[in-house]
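Report on one structure; see the data block that follows.
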Amino acid sequence: MTDLATDVLVVGGGPAAAWAALGAARAGARVVLADKGYCGTSGATAAGGTGVWYVPPEPAAREAAMASREGLGGYLADRRWMARVLDETYARMNELATDGRYPFPTGPDGQPLRGGLQGPEYMRRMRIRIRRAGVRILDHSPVTELLTDADGAVAGAAGYRRQAREHYRVRAGAVVLATGGCAFLSGALGTNTNTGDGALFAAEAGAELSGMEFSNAYGIAPEGTSVTKTAFYSFATFYQEDGSVLEGAASQGGRSVIARTLLDGAKVYARLDRADDTARAAMRRAQPNFFLTFDRLGIDPFTDRFAVTLLAEGTVRGTGGIRITGDDCATGVPGLYAAGDAATREEICGGFTGGGSHNAAWAISSGSWAGAGAAAHARSIGSGRAACRPVTGAGGAGLRPTGRPAAAAGHRAAVELVQQEVLPYDKNYLRRGDRLAASLRALDAGWADLRRELHGEGADLVKARQAAAMTAHARWMYTAALARPETRGMAKRLDHPDQDPRLHHRILVGGLDRVWTRPAPKAGVRT
């Protein structure tokens, strides 16, 4: 067993984790980063590309950028946080161009275009930067639980090194959870590492979650593929099988029509026929990976019709996650910080999806703040004390069953149950209270079973914990959705299609064996 000590442990390997590691190292901390995959290639960003909420510091432009999301998000966002993220993102993207030497393209006027990033190149450079900063990277080393000290403060984490086939432990002064959201192994590109692990770890340590009802994100993808780059479908016309236009179907505001058609067993087709020649060329330059699938299949998406489907993206493209309690992205649990998609993005998005651009800006900003905050916390307790504190594992479900462990590979049945209740459009996307309640009853029973019986060794331990995290995630989502009987932001309820002014607040959720919710009014929200 490998036993390490450090000031700050960052859990994850995507952009939020990389910025957190860099922020902590710059603050003078010793940093270890533990990634489930290979840092720089794992996760949703590394697999594709993303826009970035990058807005020059011009008052009119900033005002327009903030105002554009407020109504969409049900007026649950916070302008102070919006402004902070816009400032931080602008500075860090400019730094990426100078210090990171990222090859941003230039426009016709010769000015750099910094509103988008190619994921593979972005994350390749971020890995180089954190290694040069002295960060120790543990690749293929998924964390399986947090460690806490006698006072309940987070004091490190334990995990399993896949390639070495050994368990490991890292004692740390503070931990940053940047593990991404949860897409429930839906098959969406780059999301197989996004199983909600960080949220489970945080809840086991006593943290709360927020915005979990805003989790029913589904991305459009060509049928049989995994690429959910939905932005370009704003140029699409959608068709029925007979070639007629599917009325009401659209990328924005008409995805439910697509879902209902697919539920009826009919196919839906798309063609990006609303893009002119200039837009077509710009789209290929901006997101070349979007077109790889079409090129390999011999399809010209601008002239050929192609079948599409919807893939669940959960809290990867949704909004919910670990509640943030301070400007440094603290969680309310001493020694624990959260960043990126593992954390709620309500501060800047309210109740509407952050898509790519807002989530990318949040990853950069929250990662930087969480890393610096974790370094300050570690410094306050001293490296010597952090390394020698007695620690206890905080993990439960899938790790320490309360009853007799069941046969091996029990995680497969747990995952199948979650997917049965979360992936179908008529349960999660086209939500109704009776359907949510029925699914929640099944998930609660599944949780009781896995809490009592699920256990794994070695690599199966990682799979057992992933199954537990997905089950917990689904229960938090549906419990919060039932606590919001209205339609606000992306939390749409067919049985409550209107916005209810009495529910103009955020909803906190937590608990493991017994899930609870409570309202959390935000100061200064608009009504």
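Count residues from 1 along the sequence.
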Atom [atom1] of [X] and atom [atom2] of [Y]: how far apart are they, to the nearest 0.5 Å?
X	Y	atom1	atom2	result
Thr225	Glu223	OG1	CD	9.0 Å
Thr479	Arg484	OG1	CZ	14.0 Å
Asp426	Ser439	CG	OG	8.5 Å
Leu117	Phe104	CG	CZ	5.0 Å
Ser256	Tyr425	OG	OH	12.5 Å
Arg317	Ser215	CZ	OG	14.5 Å

Could you tell me whether Arg84 sits above the aromatic face of Trp81, with NZ or CZ closer than 6.0 angstrom to the six-membered ring centre and within 45 degrees of the axis? yes
Could you tell me whether the side chain of [Y] reaches within less than 4.5 Å of the side chain of [X], counting heavy atoms only?
X	Y	value
Leu96	Arg114	no
Leu33	Cys39	yes
Pro301	Leu272	yes
Glu145	Leu399	yes
Thr89	Trp53	no
Arg125	Pro103	yes
Trp447	Val515	no
Met490	Tyr429	no

Would you please test Tyr239 and Arg271 for side chain to side chain donor-acceptor pair (under 3.5 Å) and show each step? CA-CA 8 Å; Tyr239 299 90; Arg271 183 167 57 209; 3.0 Å; yes
Strictly below 4.0 Å, N to O, side chains only: are [X] and [Y] in salt-bridge contact?
X	Y	value
Arg475	Asp444	yes
Glu88	Arg92	yes
Glu70	Arg79	yes
Asp197	Lys36	yes
Glu421	Lys427	yes
Arg431	Glu213	no

Shortest non-hydrogen contact from [X] toward [Y]:
X	Y	value
Trp19	Ser368	CE3-OG, 3.7 Å
Ile507	Ala480	CD1-O, 4.1 Å
Ile220	Arg255	CG1-CD, 4.1 Å

Can you check salt bridge (charged side-chain N to carboxylate O under 4.0 Å, His left out) on Arg280 and Asp300, steps first, answer last? CA-CA 11 Å; Arg280 295 178 184 186; Asp300 182 342; 5.6 Å; no
Just by distance, do the side chain of [X] and the backbone of [Y] share a donor-acceptor pair under 3.5 Å?
X	Y	result
Arg345	Ala363	no
Asp495	Gly433	yes
Thr50	Gly356	yes
Asn216	Gly314	no
Asn428	Val422	yes
Arg465	Leu461	no

For Phe352 together with Phe214, are the ring centres under 6.0 Å from each other? no
Within the 6.0 Å centroid threshold, strictly below: Tyr269 and Phe238: no
Evaluate the salt bridge (charged side-chain N to carboxylate O under 4.0 Å, His left out) criterion for residues Arg323 and Glu347: first the C-alpha distance (whole Å), next the side-chain angles of each, then the deciding distance (0.1 Å), finally the verdict. CA-CA 10 Å; Arg323 184 192 185 197; Glu347 304 295 358; over 6 Å; no
Going through the checks in order, is the side chain to side chain donor-acceptor pair (under 3.5 Å) test met by Thr261 and Gln240? CA-CA 9 Å; Thr261 305; Gln240 300 183 75; over 6 Å; no
Take atom CZ of Arg412 as the centre, draw a 6.0 Å sphere, and report whether it contains more than 12 heavy atoms from other residues, nucleotides or ligands. no
Can you label the angle between the Tyr38 ring and the His140 ring as parallel, tilted or perpendicular, going by 30° and 60°? tilted
Take the angle between the ring planes of Tyr122 and Tyr102 and call it parallel below 30°, perpendicular above 60°, tilted in between. perpendicular
side-chain contact (heavy atoms from CB on, under 4.5 Å) between Ile348 and Arg69, worked out: CA-CA 8 Å; Ile348 63 169; Arg69 304 297 285 195; over 6 Å; no
Tell me yes or no: between the side chains of Thr487 and His496, is some donor less than 3.5 Å from an acceptor? no
How would you list all residue pairs meeting salt bridge (charged side-chain N to carboxylate O under 4.0 Å, His left out) that involve residues 286-297, not counting sequence neighbours? Arg284-Asp295
Option from Asn192, Val418, Thr191 for which side chain to side chain contact (heavy atoms under 4.5 Å, CB included) with Leu185 holds: Asn192
Worked verdict on Asp35 versus Ser42 for side chain to side chain donor-acceptor pair (under 3.5 Å): CA-CA 8 Å; Asp35 189 13; Ser42 64; 2.8 Å; yes
Please test Phe232 against Phe302 for ring-ring contact (aromatic ring centres under 6.0 Å, His included), starting from the C-alpha separation and ending with a verdict. CA-CA 11 Å; Phe232 287 169; Phe302 299 112; 8.6 Å; no
